Amino acid sequence: MTMKQTEHAKHVVDSFKAKLPDAMSNDIGDAHFDELALMIESAISAAVLTEMEKAADKIDELAHNIRHFAEHFDT
(Lines give C-alpha, C1' and ligand atoms only; values in the text may rest on other atoms or scores of the structure.)
Protein backbone atom coordinates (compact mmCIF):
# COMPACT_ATOMS: atom_id res chain seq x y z
CA MET A 1 0.00 0.00 0.00
CA THR A 2 2.89 2.39 0.66
CA MET A 3 3.93 2.36 -3.00
CA LYS A 4 0.45 3.45 -4.05
CA GLN A 5 0.53 6.23 -1.47
CA THR A 6 3.94 7.37 -2.75
CA GLU A 7 2.73 7.36 -6.35
CA HIS A 8 -0.43 9.24 -5.42
CA ALA A 9 1.53 11.86 -3.46
CA LYS A 10 3.87 12.39 -6.42
CA HIS A 11 0.88 12.70 -8.75
CA VAL A 12 -0.65 15.37 -6.49
CA VAL A 13 2.61 17.32 -6.42
CA ASP A 14 3.02 17.00 -10.20
CA SER A 15 -0.53 18.30 -10.69
CA PHE A 16 0.21 21.20 -8.35
CA LYS A 17 3.47 22.01 -10.16
CA ALA A 18 1.64 22.03 -13.50
CA LYS A 19 -0.59 24.83 -12.23
CA LEU A 20 2.36 27.04 -11.33
CA PRO A 21 4.24 29.29 -13.72
CA ASP A 22 7.58 27.74 -14.71
CA ALA A 23 9.55 30.51 -13.00
CA MET A 24 7.76 29.91 -9.70
CA SER A 25 8.21 26.15 -9.98
CA ASN A 26 11.94 26.66 -10.59
CA ASP A 27 12.18 29.06 -7.63
CA ILE A 28 10.53 26.54 -5.32
CA GLY A 29 12.86 23.78 -6.48
CA ASP A 30 12.67 20.01 -6.56
CA ALA A 31 13.83 19.58 -2.96
CA HIS A 32 10.80 21.48 -1.66
CA PHE A 33 8.46 19.61 -3.98
CA ASP A 34 9.93 16.35 -2.68
CA GLU A 35 9.25 17.53 0.88
CA LEU A 36 5.67 18.35 -0.13
CA ALA A 37 5.24 14.87 -1.60
CA LEU A 38 6.54 13.35 1.64
CA MET A 39 4.08 15.41 3.70
CA ILE A 40 1.21 14.37 1.45
CA GLU A 41 2.26 10.72 1.66
CA SER A 42 2.41 11.00 5.44
CA ALA A 43 -1.07 12.52 5.57
CA ILE A 44 -2.45 9.73 3.38
CA SER A 45 -0.79 7.09 5.59
CA ALA A 46 -2.21 8.67 8.75
CA ALA A 47 -5.71 8.77 7.26
CA VAL A 48 -5.49 5.14 6.12
CA LEU A 49 -4.24 4.04 9.54
CA THR A 50 -7.08 5.89 11.28
CA GLU A 51 -9.66 4.18 9.08
CA MET A 52 -8.05 0.78 9.59
CA GLU A 53 -8.18 1.29 13.36
CA LYS A 54 -11.89 2.18 13.11
CA ALA A 55 -12.53 -0.97 11.06
CA ALA A 56 -10.59 -3.09 13.56
CA ASP A 57 -12.65 -1.62 16.42
CA LYS A 58 -15.88 -2.49 14.59
CA ILE A 59 -14.66 -6.05 13.97
CA ASP A 60 -13.68 -6.39 17.63
CA GLU A 61 -17.10 -5.16 18.75
CA LEU A 62 -18.84 -7.55 16.35
CA ALA A 63 -16.76 -10.48 17.60
CA HIS A 64 -17.62 -9.56 21.19
CA ASN A 65 -21.34 -9.39 20.34
CA ILE A 66 -21.24 -12.76 18.57
CA ARG A 67 -19.39 -14.35 21.50
CA HIS A 68 -21.91 -12.87 23.95
CA PHE A 69 -24.80 -14.17 21.84
CA ALA A 70 -23.24 -17.64 21.57
CA GLU A 71 -22.61 -17.85 25.32
CA HIS A 72 -26.22 -16.92 26.11
CA PHE A 73 -27.91 -18.85 23.33
CA ASP A 74 -30.37 -21.42 24.61
CA THR A 75 -30.90 -24.43 22.40
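In this text the structure is predicted, and so the values were computed from the model without any measurement.
- More than 12 heavy atoms of other shown residues, nucleotides or ligands fall within 6.0 angstrom of atom NZ in Lys17.
- The structure places CD1 of Ile44 at 12.5 Å from NZ of Lys4, a figure rounded to the nearest 0.5 Å.
- Put simply, the side chain of Leu36 reaches to within 4.5 Å of the side chain of Met39, judged on heavy atoms.
- Once rounded to the nearest 0.5 Å, the distance linking CE of Met24 with CD1 of Ile28 reads 6.5 Å.
- Note that the CG atom of Leu62 and the NZ atom of Lys58 stand 11.5 Å from one another [nearest 0.5 Å].
- Taking OG from Ser25 and CG from Asp30, the interatomic distance works out to 7.5 Å, rounded to the nearest 0.5 Å.
- Ser42 places no side-chain N or O within donor-acceptor distance of the main-chain N or O of Leu38, the cut-off being under 3.5 Å.
- The structure places OG1 of Thr6 at 6.5 Å from CE of Met3, a figure rounded to the nearest 0.5 Å.
- Relative orientation of the His68 and His72 rings is tilted, given thresholds of 30° and 60° on the angle between their planes.
- Ala9 approaches Ala37 most closely through the heavy-atom pair CB-O, 3.3 Å.
- The number of heavy-atom neighbours closer than 6.0 Å to CG of Asp22, taken from other residues, nucleotides and ligands shown, is 12 or below.
- Note: Asp14 CG to Lys19 NZ = 12.0 Å, rounded to the nearest 0.5 Å.
- A 4.5 Å side-chain heavy-atom check between Val12 and His8 finds at least one atom pair inside the cut-off.
- Closest non-hydrogen pair, Gln5 versus Ser45, comes out as OE1-OG, 2.6 Å.
- You'll find the side chain of Leu20 reaches within 4.5 Å of the side chain of Phe33, heavy atoms only.
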